[in-house]
Amino acid sequence: MQNIDSLVIGKNAQLAHYLENKNIVKVSARNFDMSLLNKSWDKIYLLFAEQRTYYANNKNYKQEFYDVNYYLTKKIVDNASCNKIVYLSTTELWNNVSGPITINTAHDFIQNYYTDSKMMITNYIKKNFNPEDAIILYPYNF
């Protein structure tokens, strides 16, 4: 029997295409089957997000940003059985900064439902997980 090491949630995410390995299971975050978290994984990659930023100021989509980016992500990380979580946050948390940034630069962003929801879950993971257990990456929306 083949050993499956990692779970990628967000199989259609742009970065998921670069995680090619026969020991990886890729699933969609839409209608995510929480029973997948009953298995013990080496790594769980959280590559999904509600990122249709053209709706980020539209009240009709407010709940979608929070439901996916905060509540679903939180539910997964709180129930994950794995050695390491790899979470994709966003460089948008510094979209109001002029010049270079580092991880230690204070968040400074133009507020909308996307940035708020991503900041909430990023801060939650930072507060509740050791850096050895949860890696937070800040990709640029490419």
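This one's a predicted model, so the numbers in the text were calculated from it and none came from an experiment. Keep in mind that the numbers below use all heavy atoms, side chains included, and drop hydrogens, waters and symmetry copies. Index from 1, following the sequence.
How far CG of Leu7 is from OG of Ser40: 11.5 Å, rounded to the nearest 0.5 Å. Note that OG1 of Thr91 and CD1 of Ile101 are 6.5 Å apart. Values are rounded to the nearest 0.5 Å. Atom OG1 of Thr90 sits about 14.0 Å away from atom CD1 of Ile121, to the nearest 0.5 Å. Interatomic distance, Arg30 CZ to Lys11 NZ, rounded to the nearest 0.5 Å: 11.0 Å.
Checked against salt bridge (Lys or Arg N to Asp or Glu O under 4.0 Å), Asp33 has no partners two or more places apart in sequence or in another chain. Every residue was checked against the salt bridge (Lys or Arg N to Asp or Glu O under 4.0 Å) condition with Lys75, not counting sequence neighbours, and none meets it. By the salt bridge (Lys or Arg N to Asp or Glu O under 4.0 Å) test, Arg52 is found to be paired with Glu50, Glu64, residues two or more places apart in sequence or in another chain being considered. With sequence neighbours left out, Lys62 forms a side-chain hydrogen bond (donor to acceptor under 3.5 Å, both in side chains) with no residue at all.
Pairing each heavy atom of Asn79 with each of Leu37, the nearest pair is O-CB, 3.6 Å. Taking both residues in full, the closest heavy atoms of Ala16 and Gly10 are given as CB-O, 3.4 Å, listed atom of the first, atom of the second, then distance. Considering all non-hydrogen atoms of both residues, Val97 and Pro100 come closest at CG1-O, 4.4 Å. Across Ala29 and Leu72, no two heavy atoms sit closer than the pair O-CD2, 3.8 Å. Smallest separation of non-hydrogen atoms from Pro139 and Ser89: CD-O, 3.6 Å.
Although no hydrogens or angles enter the test, the distance criterion places no donor-acceptor pair under 3.5 Å between the side chain of Ser28 and the main chain of Ile9. In this structure a side-chain-to-backbone donor-acceptor pair under 3.5 Å is present from Lys26 to Leu19. Side-chain atoms of Lys118 come within 3.5 Å of backbone atoms of Leu88 as a donor-acceptor pair (strictly under, hydrogens ignored).
Counting only residues at least two apart or on different chains, the ring-ring contact (aromatic ring centres under 6.0 Å, His included) pairs with a member in residues 50-89 are Tyr55-Tyr61.
Residues Leu93 and Thr122 form a side-chain contact, since some pair of their non-hydrogen atoms from C-beta on lies under 4.5 Å apart. Between Phe109 and Glu92, the closest side-chain pair of non-hydrogen atoms is not below 4.5 Å. Between Phe48 and Asn69 there is no side-chain heavy-atom pair separated by less than 4.5 Å. Asn95 has its side chain out of reach of Asp108: every pair of non-hydrogen atoms, C-beta onward, lies at least 4.5 Å apart. Contact of the Val86 side chain with the Leu46 side chain is not registered, since no non-hydrogen atoms from C-beta on lie closer than 4.5 Å. Put simply, the side chain of Gln111 reaches to within 4.5 Å of the side chain of Asp116, judged on heavy atoms. Looking at Asn123 and His107, their side chains come closer than 4.5 Å, going by heavy atoms from C-beta outward. A heavy-atom distance below 4.5 Å is found between the side chains of Val8 and Leu47.
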Candidate pair Asp42 and Asn23, rule side chain to side chain contact (heavy atoms under 4.5 Å, CB included), full reasoning:
CA-CA 10 Å; Asp42 180 35; Asn23 296 330; over 6 Å; no

Test side chain to side chain contact (heavy atoms under 4.5 Å, CB included) on Val27 and Phe32; report intermediate values, then the result.
CA-CA 8 Å; Val27 298; Phe32 178 71; 3.8 Å; yes

Tell me which donor-acceptor pairs under 3.5 Å the side chains of residues 129-138 have, and how far apart each pair is, sequence neighbours excluded?
none

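With no hydrogens or angles considered, a side-chain donor-acceptor pair links Thr115 and Asn112 at under 3.5 Å.
Because its NZ or CZ atom is both nearer than 6.0 Å to the ring centre of Trp41 and within 45° of the ring axis, Lys39 counts as a cation-pi partner of that residue.
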